[in-house]
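These notes concern the structure reproduced below.
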Amino acid sequence: MSDLVDLLREGLPEAAVVTDPEVTAAYRQDMAGFCSSGNPAVLVFPDTVDQVRHVMRTATALRVPVVPQGARTGLSGAANAVDGCILLSLVRMNRILEIDPVNRIAVVEPGVVNAALSQAVGVHGLTYPPDPSSWESCTIGGNIGTASGGLCCVKYGTTSEYVLGLDVVLADGELLRTGRRTAKGVAGYDLTRLLVGSEGSLGVVVGATLALRPSPPPQLALAAEFPSTAAACVAVCAVMEAGFTPSLMELMDTVSVRAVNSLAQMGLPDSTAALLLIAFDTLDPVADLAAAGEICTAYGATEVVPAADSAESELLLQARRLSLTAMDTLGTTMVDDVAVPRSELAAMIDGVAAIAERFDLTIGVVAHAGDGNTHPVVVFDASDPEETARARESFDAIMALGLELGGTITGEHGVGLLKREWLAREIGPVGVALQRRIKAAFDPLGLLNPGKVF
Ligand SMILES: Cc1cc2nc3c(=O)[nH]c(=O)nc-3n(C[C@H](O)[C@H](O)[C@H](O)COP(=O)(O)OP(=O)(O)OC[C@H]3O[C@@H](n4cnc5c(N)ncnc54)[C@H](O)[C@@H]3O)c2cc1C
């Protein structure tokens with residue numbers, strides 16, 4: 001331990017190497033439930049690429065595991081400490097190095113907060129679309145680590161679509177450059193795409209070249225109330241089938257609607273069993289909203305409320321933004337993340353309601369409906385071991401249902417610790433064996449974020 005700290009201090013400023021157990025304990029885990037975390041040996045805050053390389057060379061020399069961390073807002077335990085590890089926090093590498101409006105790219109360090117990048121590129125009339133709901137605190141490095149999605153993915157896609165190139169420190173301290181600064185490029189295997197979503201298990205991202213888009217017009221939203229979630233899901237499919245491209249399409253089921261209604265006194269009638277939010281950032285959002293609203297009415301919406309302007313849109317979207325906070329008022333919550341083909345959304349949400357009944361639990365669902373990406377939120381009493389066990393079982397039942405419906409065990413939160421056992425079920429033995437060989441090629445000593453993903 002003192003060897004490790006002494007060696008780390010040879011290449012890092014004194015204050016960047018933290019061993020105070022109270023501080024290191026505070027960095028032990030991300031925001032996932034049901035995930036254990038180990039005792040880190042040391043926490044480091046490098047400020048430069050060379051310092052990260054020094055950390056990885058030291059780790060390799062002493063065979064010490066390393067857990068890269070961003071803001072630890074992750075929901076799968078992927079940033080949790082393992083015993084004796086170096087916690088490698090990248091939050092101090094938070095400089096935006098370049099914004100290039102001609103080539104529509106930004107070059108950033110990994111600790112840049114998503115919202116800070118959005119704000120900085122906005123000044124140039126540009127936007128960085130991936131917008132996880134945690135955007136005010138999560139980092140670009142963490143977004144790359146988990147291939148984050150967000151509310152606007154239905155139109156603009158996820159982080160994977162916006163990472164053009166990466167600077168990555170490998171397990172032995174070597175610096176790898178992947179990808180490009182150009183709009184196109186197909187030279188060699190696409191290592192950039194492989195690294196996006198690799199949850200810190202293949203290398204440490206120390207720089208990213210990101211694609212930007214021109215800022216779209218402000219979006220206008222509507223809220224549609226439905227007497228059943230099934231009806232709302234059918235409306236989602238009908239809007240997409242009709243050829244519309246909404247910039248946001250979010251669904252809240254009965255449990256989450258009721259929770260938000262009582263927290264924020266939104267005045268929704270008891271007959272509202274589901275709330276569908278649709279937004280457009282097109283050239284004529286008023287016309288698109290009117291057409292989408294008609295489709296909602298045709299499929300059973302009892303009320304459709306279009307916003308008159310951006311401020312009203314934001315008010316409508318508040319219900320969705322408050323949903324996790326509102327569910328937290330009901331007990332301890334556990335957020336799942338299962339994506340199904342959009343056409344199976346109704347079966348998924350109704351199936352979750354049946355699982356809630358079977359396990360005698362409250363489970364609310366909010367969904368990035370346009371992507372078929374559901375977030376069932378299991379509510380339980382953490383002080384009751386029997387109920388906690390039931391909650392864990394219901395969580396597994398939800399993933400099984402997602403796979404049965406042709407979906408995936410995680411749409412955007414990643415595998416981490418939480419879903420390791422389920423990965424093999426989804427990708428099969430051939431997929432697992434090949435992925436293990438890829439991991440070994442990048443990290444032959446198994447030092448980078450061990451025990452995560454596999
Ligand atoms: C309220 C709330 C809302 C959320 N909403 C969304 C949402 O809408 N969409 C969504 O996708 N997620 C969402 N999340 C989950 C989470 O915010 C995202 O996964 C986010 O991308 C994590 O970023 P972070 O900086 O906190 O990373 P961390 O949690 O610290 O790390 C995440 C993973 O990335 C790895 N990592 C971090 N930095 C690096 C690096 N520099 N190099 C290599 N690996 C690295 C870590 O090892 C870990 O595996 C939400 C979470 C909360 C709490």
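Just so it is clear, the values below take in all heavy atoms, side chains as well, and ignore hydrogens, waters and symmetry mates. Both counts, for ligands and for their atoms, begin at 1 and track the order of listing.
For the pair Arg213 and Tyr128, the cation-pi test (distance below 6.0 Å, angle within 45°) is failed.
Under the side-chain contact (heavy atoms from CB on, under 4.5 Å) criterion, Leu75 pairs with Met31, His413, not counting sequence neighbours.
Gln69 places no side-chain N or O within 3.5 Å of a backbone atom of Ser89 that could act as its donor or acceptor partner.
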Return a table of donor-acceptor pairs under 3.5 angstrom between the side chains of residues 200-211 and protein atoms on other chains or two or more places apart.
{"unit_1": "Ser201", "atom_1": "OG", "unit_2": "Ser198", "atom_2": "O", "d": "2.6"}

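If you look at Phe395 and Phe380, their ring centroids are not closer than 6.0 Å.
Among residues at least two apart or in separate chains, ring-ring contact (aromatic ring centres under 6.0 Å, His included) pairs with a member in residues 36-73 are Tyr27-Phe45.
For ligand 1, the protein residues placed under 4.0 Å by at least one non-hydrogen atom are Met31, Pro68, Gln69, Gly70, Ala71, Arg72, Thr73, Gly74, Leu75, Ala78, Ala79, Leu90, Pro110, Pro132, Ser133, Ser134, Cys138, Thr139, Gly141, Gly142, Asn143, Gly145, Thr146, Ser148, Gly149, Gly150, Glu199, Gly200, Gly203, Val204, Val205, Glu412, His413, Asn449.
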